[in-house]
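Just so you know, residue 1 is the first one in the sequence shown, and it goes up from there.
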Amino acid sequence: MRGHWRWKLALLLALCAAAQVTAADRTELPDKLTLVALLSAGKFTELATRLEHYQDGYVAGSLAEAGVEAGFLAFANSEPTLENRLAEWVSVSPESYLAHGSRGVYYWNLGVLARASTSVPDRDAGDLSDQQRYFDRAAHELGVAVTLNPRFSVGLSLLIDLVARLGDANDLDAVIQHATSSVSGSQLVHRRALEALRPDPADQQTPGELDAMQNYVSTHIQGDSRFATLLGFTAMVQADRLARDDERVRAASYYDAALMQGEYWLYRVRRALNYFKNQRFEAALSDINKALVLRPQSPRSLSLRARILVGMQQYDAAFDDWDLALQLNPYDPIILLHYAFALRDQQRFEDAMRALTKALELGSDNVHVWDARGRILLYDYQLFDLAVEALAYPVASDPASPRYRFNYAAALYKNKSCDAVEQFMHYRSLCASGQCPQTNLDWIDHSEEILYASGRCQRRDAEGNIVPRKRRSHEK
């Protein structure tokens, strides 16, 4: 674990003994935008009173923990002006766990959004450290918050998430053990622990990879009715793996199994996404609507519903959802990317480019954003030099992607660059197994001959060697 995290772990383990919290049936959720408006207006006392209502009600057992989570996640909002307001609140209330906790959530969200990708070349080192800086600030603020209030389950749950992202297995085990004993009735803490223990879906599947999660379920979840819905978490993870491998029918059965353990918003979201990818839009809409009843102001759930509505050709309703999602988290690169896709569908190219430019504020290494931007520059604006620049990033990040390679080659060709010849060759090699559209291959053959006929570019053989140009009869 990085050295600057050691003191954070020591702080957590030095906190006071366990605080027993009972489960509550009554769910009362705050309006996130109202809380953000209070912060923006500098009404810190009123804001603190509202947040404390949910925290105190949860600790007393009269309100469900979902209200506390929703209240603090209001500040998982990437609006830049909130940063100074949160600093001001901490300055005037340095002993307030509410102020430190809200500020910690704000920085945690920025770190999640600013996922760096070192696979993209020529990126400034400062860009690649954005995520680390945000997470460091989040860890500091959340550490102070849980010191001031050891029953602050939102803070403890996010510290689990931070250690999972930046720490090692031993440190993670220690933080999970402490958090679960400090707020033994917290479903949120248990969910974050399970998320931290889940295997990386990008890794090769191995026997026993779910053992850590299953052991945790046996130790902390099994037999406790307060957490019965979390018994479906392992099935959801298996479904996610299958969905990633495009085995969507099998994935659906595992999502069904997860939901048999109880109505949980996250299972609905995941199954809705699977239905959406399988173009079962009615089923997807039913699931995401149920998820949004349970978590009505989740930005990415709103964005998913918007995507589903676009699939059903209901653009007006979709843009309403995106408007709300972007009020709740205006610089989320993933939300902005899908929003831009829909804007392009509607021929609103300038709006789409604005959305993608905004996405690059925190998603500067998101290859999907660069790809979308490059395709608009190439096919819609026909600004070929700018398209070449944008489309170079996706190819460098994923050289084995035929789609990225084709778009980059097309941009080079349209920009009258002989470098297109090399990219044509790469594209053909990626298509050797026959998975590429024949129309693309035919276009490449035709475009390559045009480059050769122009006299600007030299013909190459299959190995890339220059083929000497045959002399014409009138040449000496």
Side-chain angles (χ1 to χ4, degrees), residues 112 115 117 119 157 160-161 163-169 172-173 176 187-188 190-222 227-281 283-284 286-288 290-291 294-295 298 300-301 303-305 307-308 311 333-334 337-338 366-368 397-398 400-403 433 435:
V112 170
R115 293 192 179 111
S117 173
S119 63
S157 72
I160 291 173
D161 181 77
V163 174
R165 293 173 187 272
L166 300 176
D168 59 36
L172 178 61
D173 288 343
I176 288 175
Q187 186 186 73
L188 178 57
H190 287 309
R191 193 193 91 215
R192 289 290 184 189
L194 288 169
E195 289 175 347
L197 294 170
R198 68 179 292 170
D200 188 335
D203 291 342
Q204 184 78 22
Q205 189 169 1
T206 58
E209 67 175 357
L210 299 178
D211 286 354
M213 289 181 58
Q214 291 168 337
N215 290 339
Y216 185 90
V217 168
S218 298
T219 303
H220 297 281
I221 308 296
Q222 199 85 38
F227 314 126
T229 55
L230 292 179
L231 293 173
F233 204 90
T234 302
M236 184 199 74
V237 170
Q238 291 172 299
D240 288 347
R241 170 82 73 177
L242 290 166
R244 182 183 176 88
D245 293 339
D246 211 28
E247 296 186 50
R248 300 201 177 278
V249 175
R250 287 186 62 201
S253 66
Y254 279 93
Y255 289 126
D256 294 345
L259 280 161
M260 287 179 66
Q261 300 298 330
E263 187 65 44
Y264 194 49
W265 67 274
L266 187 57
Y267 306 157
R268 291 285 182 187
V269 172
R270 302 306 300 169
R271 193 170 73 170
L273 179 61
N274 188 58
Y275 282 145
F276 169 72
K277 292 291 183 68
N278 215 25
Q279 296 193 341
R280 294 182 57 187
F281 299 131
S286 175
D287 266 347
I288 200 64
K290 290 174 182 176
L294 298 170
R295 293 293 187 278
S298 168
R300 288 198 177 175
S301 294
S303 181
L304 175 55
R305 186 168 69 180
R307 294 167 67 192
I308 294 166
I334 303 301
L337 175 65
H338 293 300
N366 188 309
V367 294
H368 303 296
S397 177
D398 187 3
S401 168
R403 181 168 69 85
S433 59
Q435 77 273 32

**Study point:** Gap separating the OH atom of Y275 from the OG atom of S286, nearest 0.5 angstrom
**Key:** 8.5 Å
Exercise for review: Nearest 0.5 Å please: distance from the CG atom of L231 over to the CE atom of M260.
Suggested key: 12.0 Å
Exercise for review: Check I176, L172, D173 against V163 for a side chain to side chain contact (heavy atoms under 4.5 Å, CB included) and give me the one that passes.
Suggested key: L172
Revision key, fill the gap. d(T234 OG1, Q261 CD) to nearest 0.5 Å is 9.5 Å
Practice item. Enter the distance from N274:CG to D246:CG here, rounded to the nearest 0.5 Å. Key: 9.0 Å
Check your understanding: Heavy atoms, side chains only, cut-off 4.5 Å: are K277 and R307 in contact?
Key -> yes
Point to revise | Validation row: M236, Y255 side chains within 4.5 angstrom (heavy atoms) | key: yes
Point to revise | Non-hydrogen side-chain atoms of R165 and V112 separated by less than 4.5 Å | key: yes
Point to revise | Gap separating the CD1 atom of I221 from the CZ atom of F233, nearest 0.5 angstrom | key: 10.0 Å
Review point. Any side-chain heavy atom of R268 sitting closer than 4.5 Å to one from E263?
Key: yes
Point to revise | Value rounded to 0.5 Å, distance of CG in L197 from CD in Q214 | key: 11.5 Å
Point to revise | Heavy-atom check, side chain of L194 versus side chain of V217, under 4.5 Å | key: yes
Exercise for review: Please answer whether the main-chain N or O of A235 pairs with a side-chain N or O of Y267 as donor and acceptor at a distance below 3.5 Å.
Suggested key: no
Exercise for review: Answer whether the closest heavy-atom distance between the side chains of D256 and R271 falls below 4.5 Å.
Suggested key: yes
Review point. How about V237 and Y254: do any of their side-chain heavy atoms sit closer than 4.5 Å?
Key: no
Check your understanding: Do D287 and R270 sit within salt-bridge range, that is, some charged N less than 4.0 Å from a carboxylate O?
Key -> no
Check your understanding: Would you say R295 and V269 make side-chain contact, with heavy atoms under 4.5 Å?
Key -> no
Check your understanding: In terms of the angle between their ring planes, are F276 and F281 parallel, tilted or perpendicular, with boundaries placed at 30° and 60°?
Key -> tilted
Review point. Is E195 paired with R198 through a side-chain N to carboxylate O contact shorter than 4.0 Å?
Key: no
